[in-house]
Protein chains: 2
Amino acid sequence: MKKTCAHKHAEKKQELSSLTGRLRREAHKITSPRAAILEILRHHAHPLTNKEIFAELPKGECDLATIYRAMQLMEELGMVKRFDFGDGSARFKLVGEGDESHHHHLICTRCAEVVEIGECFPEEIERRIARANGFTGVTHRLEFFGLCPGCQK
Amino acid sequence: MKKTCAHKHAEKKQELSSLTGRLRREAHKITSPRAAILEILRHHAHPLTNKEIFAELPKGECDLATIYRAMQLMEELGMVKRFDFGDGSARFKLVGEGDESHHHHLICTRCAEVVEIGECFPEEIERRIARANGFTGVTHRLEFFGLCPGCQK
DNA sequence: AAATCAGTTGCAAACGATTTGCAATTAAAT
DNA sequence: ATTTAATTGCAAATCGTTTGCAACTGATTT
Ligand SMILES: [Mn+2]
Ligand SMILES: [Mn+2]
Ligand SMILES: [Zn+2]
Ligand SMILES: [Zn+2]
C-alpha cells in the first residue's frame, strides 16, 4: 500500500452544511455517527471501503453496521457513489450536489493504488449497443487494471 | 428470468478431448466431477455461476466445493474465463485453446439476460491511459447494464 | 424545559458466496 | 496389483454485508 495519494482531484470539499441539509431534507437525523462519517468522506478524494471508514473513526464512535446502513442510505439519496473494483468490497465516495462527473479508475493489482481517469470512450458506442439490442437506460461499468510505476519492481 | 437464450454465439463446441488433454498435460486428473462440469460448460454459451453448474449436475454427482475448486484450477490453466457482473457471484465460461476473443456483455438489470457484445472501445484509449500514468500490463473490465426489451413493460 | 415519537444505533445472529482442513477416495503410473 | 500424489465430500471457517430487536436520541411539539 502506498502512503502518498497519487490522486489528483479538484480540492473542492463540500460544505458540511450542504450535506447535513440533504439528510434533514429527507426526514433523516443528523446523528453523531453520520456526522463523523461525513467528516471522513469529506476529507478523502477517493473511494473508501466501509472498513477503511471504520478504521479512521475514533474507537467507539460508531459501529461497523451503522456505517453500512449510512452508506446504503446516502447512496439512495444520491450523496455517495458506490464503486466495485472487483476485490470483494464496495467503496464509496461523496458526490457533490450537482456534481455528476462520470469517470473511471485505473487500479494497481498489487498495491491497490487508485488513479482517477477522467476520460471515457465515445458515447456513440454505448448508444449503438443499446439501440442494436433494444435495451434502454444503458449505463456501463469500466475499470482499468495494471501495475503502477512503484510496483513494477 | 428468460427461458430462451438471446445469446448468439458461434456454435463451435470444443472437443472434450482437447479440454481433458489440457488438464492431463498439467499433471491433473480427469475425474468424474471434472468431466461432468466440462460437459455442462461445453453446452452453455454464456457464463454460468457455480451454483448454476451445480444445479445442472445430477444430484450426487459432485459437491459444490469441488466445483469451486475446479473453476479455480481451470481459470489458472486458462481454460475458463471469470466474469463479474457485480451481483455478488462469479460466472465462468469455457475459453477455446487459442480463442482469446476479448468481449463484453450487456446485462438486463431486471431479468439478468446477458447479451454478448463483440465490440470494444479503441485500444488507443487504453494505451494512452497506461502510458500517461506509467502503468504496465493494463487491461480493463467493461460491462453494460440496462433494461432488455422484454423488461421495459 | 419536559414530553413525545419516529428514526437510529449497538450488538449479536443471520446470510450468501467462497475457501479450507482433513480423512477417505481414486486416477494414473509402475 | 501396488503405489502415490491428486482429488473429493463434508463440515467448519471466512468475509463482506444484512437484519432483528431492544435501548437510545434527534427533532418537534407542548
Ligand atoms: Mn477517484
Ligand atoms: Mn457471452
Ligand atoms: Zn465511462
Ligand atoms: Zn474491451
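Lettering of chains follows the sequences in order, A, B, ..., and the numbering in each one begins at 1. Not measured: the values here are computed from a predicted model.
Comparing A:R34 and B:T31 against DNA chain C, the residue whose closest nucleotide sits nearer the 5' end is A:R34.
Atoms CD1 (A:I30) and P (C:dT8) sit 9 Å apart, rounded to a whole Å. Rounded to whole Å, atom C1' of C:dT18 lies 9 Å from atom CD of B:Q72. Rounded to whole angstrom, the span from the CD atom of B:E75 across to the P atom of C:dT18 amounts to 12 Å. At whole-Å resolution of the value, CG in B:D63 and C1' in C:dC22 are 14 Å apart. Taking atom CZ of residue B:F85 and atom P of nucleotide C:dA17, one finds them 16 Å apart after rounding to whole Å. The OH atom of A:Y68 sits 16 Å away from the C1' atom of C:dA12 (whole-angstrom rounding). Rounding to whole angstrom units, CZ of residue B:R82 and P of C:dA17 are separated by 14 Å. Counting to the nearest Å, the C1' atom of C:dG16 and the CZ atom of B:R91 are 14 Å from each other.
Without hydrogens or angle criteria, A:N50 side chain to A:E52 main chain gives no donor-acceptor distance under 3.5 Å.
Within the 4.0 angstrom heavy-atom criterion, only backbone atoms of the sugar-phosphate kind lie near B:E61; the bases stay farther away. At the heavy-atom level, B:A65 lies under 4.0 Å from base atoms of the strands shown.
Between A:K29 and C:dA6 there is no side-chain polar atom (N or O) within less than 4.0 angstrom of OP1 or OP2.
Side-chain contact check for A:H46 and A:E116: no donor-acceptor pair (N or O, by modelled atom type) lies under 3.5 Å.
The residues B:E26 and B:R22 are annotated as not salt-bridged, no charged nitrogen and carboxylate oxygen being separated by less than 4.0 angstrom. The pair B:R141-A:E143 fails the salt-bridge criterion, with no side-chain N (NZ, NE, NH1 or NH2) lying under 4.0 Å from an Asp/Glu carboxylate O.
Aromatic ring centres of A:H104 and A:F144: separated by at least 6.0 Å.
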Could you walk me through whether B:H140 and A:H105 pass ring pair (Phe, Tyr, Trp, His ring centres under 6.0 Å), step by step? CA-CA 10 Å; B:H140 63 267; A:H105 295 93; over 10 Å; no
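When DNA chain D is scanned 5' to 3' for any atom under 4.0 Å from a heavy atom of chain A, the first and last hits are D:dG16 to D:dA27.
The two atoms that bring A:L147 and A:Q152 nearest to each other are O-NE2, 3.1 Å, heavy atoms only.
One donor-acceptor pair, N or O on each side, does fall under 3.5 Å between the base of C:dG10 and the side chain of A:R69.
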